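For ligands, and for the atoms within them, numbers begin at 1 and follow the listed sequence. Values in this document were obtained by computation on a predicted structure and should not be read as measured data. Computation of the quantities below employed the complete heavy-atom set of this structure, encompassing side-chain atoms and omitting hydrogens, waters and symmetry-equivalent molecules.
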Amino acid sequence: NASAKPPPEPSPLRKAKFFQANMRILVTGGAGFIGSHLVDRLMQNEKNEVIVVDNYFTGSKDNLKQWMGHPRFELIRHDVTEPLLIEVDQIYHLACPASPIFYKYNPVKTIKTNVIGTLNMLGLAKRVGARILLTSTSEVYGDPLIHPQDESYWGNVNPIGVRSCYDEGKRVAETLMFDYHRQHGIEIRIARIFNTYGPRMNIDDGRVVSNFIAQAIRDEPLTVQLPGTQTRSFCYVSDMVDGLIRLMEGDNTGPINIGNPGEFTMLELAENVKELINPEVQIITVENTPDDPRQRKPVITKAKSLLGWEPTIKLRDGIPLMEDDFRGRLGISRKK
Ligand code: NAD
Ligand code: UDP
Ligand code: UDP
């Protein structure tokens, strides 16, 4: 067809990017637990340049020590509640404390991180035309009245409780993502992450898997918070990172649940940890905190069909992998 126009010339910027064949990826919260595993995976691709932005509230440079000085890696101390001017192609926006004791420690800061932090990252995405992925949470379902939870459920969240800075903060962050998408055409991805565990979790961050494993290693009683029949579904961190990358690279905005549908009561979790790590250890019950969700389990039909993703590591296989890391950091080896 002689009248067909030749394809447009790539812009000088695209040409330069093509020539370098690089994807410049920002990971906010990249010094944290999930973020640092995500960085490890992204750095394995030689075409990626990774920039981490973190204020080290709950994260640590130690989690990234293997990449310090690497020519494709950069670490910036920065708080996402302040504007950030850099040039990137993709943004994985994870910055936010995830453990209840840390997000309740300074609730006003938690909500600022979720709201102003996400607004800033969306402003950045808009300015540079980057795709942005938000790590939202199963906490947007609150204390759910349907079980298991699929993405169409709007949730049962207390707006004025002690967990609200996190739950409602993430709900506003999701709203902001969709408003920037509809109003400004920003390419967005939203992952609703269910409880995730694995190496590099903060040893004393109060989350249940890290608590039980540290307690079992230290010969301290496992503290099951009452009633002990509340359930959670635990996803190993390598599975989580795989799901996040598939979501970013795929075509669907989400929200998509990413989690392991294997559901356990806290008593069952304690019994598994006891059996696998320290059969002599005691299991005790202690007081719970307000607004603790009674049950939680993801429906992952969307992740399976849209991302071709499902978790591969069972809880009983993940616990020993985490035990090795915790023993190393606590300096307590296995009993003979
Ligand atoms: P984490 O606390 O280990 O990591 C969060 C990181 O964000 C830390 O490095 C922290 O220093 C950084 N950070 C916090 N506030 C910041 C700010 N204002 N500016 C810059 N950096 C800041 O937590 P994680 O478990 O790795 O969680 C990562 C993300 O996944 C969070 O958005 C969390 O809400 C989400 N998520 C986690 C889980 C889970 O079970 N781990 C479950 C649901 C959702
Ligand atoms: N922003 C940022 N980096 C950028 C562009 C914007 O941190 O590269 C911040 C900016 O400071 C603002 C927020 O993102 O607070 C939202 O930006 P947007 O342009 O959408 O809104 P406006 O600046 O018009 O309020
Ligand atoms: N939990 C527990 N013992 C602990 C810490 C937590 O039984 O030492 C319980 C807690 O009551 C909750 C569940 O474990 O029902 C998960 O708590 P976590 O703080 O790990 O995560 P989230 O509540 O955010 O799902």
Asks: Show me which atoms of ligand 1 lie under 4.0 Å from any heavy atom of Arg207.
Replies: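 Selected atoms, number and element: 25 (O), 39 (C), 40 (O), 41 (N).
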Asks: For ligand 3, is any non-hydrogen atom under 4.0 Å from Gln230's backbone (N, CA, C, O), its side chain (CB onward), both, or neither?
Replies: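 Side chain only; the backbone of Gln230 stays clear of ligand 3.
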Asks: For ligand 3, indicate whether the residue Asn288 contacts it via side chain, backbone, both or neither (heavy-atom separation under 4.0 Å).
Replies: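 Asn288 to ligand 3: side-chain contact only, backbone stays beyond 4.0 Å.
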Asks: How far is atom 12 (C) of ligand 2 from its nearest protein heavy atom, and which residue and atom name does that atom have?
Replies: Asn120 OD1, 3.8 Å
Asks: Just by modelled atom types, is the Ile203 backbone N or O under 3.5 Å from a matching donor or acceptor in the Ser210 side chain?
Replies: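 No; judged by distance alone, with no hydrogens or angles, the pair does not exist.
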Asks: Between ligand 1 and Gly117, can you find any atom pair, the residue atom being a heavy atom, that is separated by under 4.0 Å?
Replies: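 No, that is not the case, since the closest heavy atom of the residue is not under 4.0 Å from the ligand.
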Asks: Number the atoms of ligand 3 from 1 as they appear, then name those within less than 4.0 Å of a heavy atom of Val224, with their elements.
Replies: 7 (O)
Asks: As a check for students: among Val208, Thr137, Asn195, identify the option with a heavy atom nearest to atom 1 (N) of ligand 3.
Replies: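 Heavy atom nearest to atom 1 (N) of ligand 3 belongs to Val208.
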Asks: To the nearest 0.1 Å, how far is atom 17 (O) of ligand 2 from its closest protein heavy atom, and which atom is that?
Replies: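 Residue, atom and distance for the closest contact: Gly123 CA, 3.4 Å.
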Asks: Kindly identify the option in Met201, Arg232, Arg294 whose heavy atom sits closest to atom 16 (C) of ligand 3.
Replies: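 Going through Met201, Arg232, Arg294 one by one, Arg232 has the nearest heavy atom to atom 16 (C) of ligand 3.
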Asks: List ligand 1 atoms under 4.0 Å from Ile193, heavy atoms only on the residue side.
Replies: 30 (O), 38 (C), 42 (C), 43 (C), 44 (C)
Asks: Please indicate, with yes or no, if any protein heavy atom is found under 4.0 Å from atom 22 (P) of ligand 2?
Replies: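 No, because not a single protein heavy atom sits under 4.0 Å from atom 22 (P) of ligand 2.
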Asks: Is the shortest N/O to N/O distance between Gln215 and ligand 3 below 3.5 Å?
Replies: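 No, since none of the N or O atoms of Gln215 sits under 3.5 Å from an N or O of ligand 3.
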Asks: Looking at ligand 1, does Tyr197 have a heavy atom less than 4.0 Å from it?
Replies: no
Asks: Which one holds for Lys126 and ligand 2: side chain close, backbone close, both close, or neither close, with close meaning a heavy atom under 4.0 Å?
Replies: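 It is the side chain that touches ligand 2; the backbone stays farther off.
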Asks: I want to know if ligand 3 touches Tyr103 in the polar sense, i.e. an N/O pair below 3.5 angstrom.
Replies: no
Asks: Side chain, backbone, both or neither: which applies to Gln225 and ligand 3 if a contact is any heavy-atom pair less than 4.0 Å apart?
Replies: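 Answer for Gln225: both.
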Asks: Got an N/O contact under 3.5 Å between Thr223 and ligand 3?
Replies: yes
Asks: Can you figure out which of Leu64, Val80, Val52 has its heavy atom closest to atom 19 (N) of ligand 1?
Replies: Val80
Asks: Looking only at protein heavy atoms, which one is nearest to atom 15 (O) of ligand 3, and how far off is it?
Replies: Asp292 OD2, 2.7 Å
Asks: For ligand 1, which is the ligand I care about here, please tell me if Pro97 has any N or O atom under 3.5 Å from one of the ligand's N or O atoms.
Replies: no
Asks: Would you mind listing which atoms of ligand 1 come within a distance below 4.0 Å of any non-hydrogen atom of Ser136?
Replies: 44 (C)
Asks: For ligand 1, which atoms have a heavy atom of Asn195 less than 4.0 angstrom away?
Replies: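 Those qualifying, in numeric order: 40 (O).
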Asks: Under 3.5 Å, which donor-acceptor pairs do the side chains of residues 306-314 form with other protein atoms, sequence neighbours left out?
Replies:
unit_1 : atom_1 : unit_2 : atom_2 : d
Trp309 : NE1    : Asp239 : O      : 3.0
Thr312 : OG1    : Asp239 : OD1    : 2.8

Asks: Can you list every pair that meets salt bridge (Lys or Arg N to Asp or Glu O under 4.0 Å) and has a residue in residues 55-79, with sequence neighbours left out?
Replies: Asp79-Lys109
Asks: When you measure from atom 7 (O) of ligand 2 to every protein heavy atom, which one gives the shortest distance, and what is it?
Replies: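 For atom 7 (O) of ligand 2, the nearest protein heavy atom comes out as Leu84 N, 2.9 Å.
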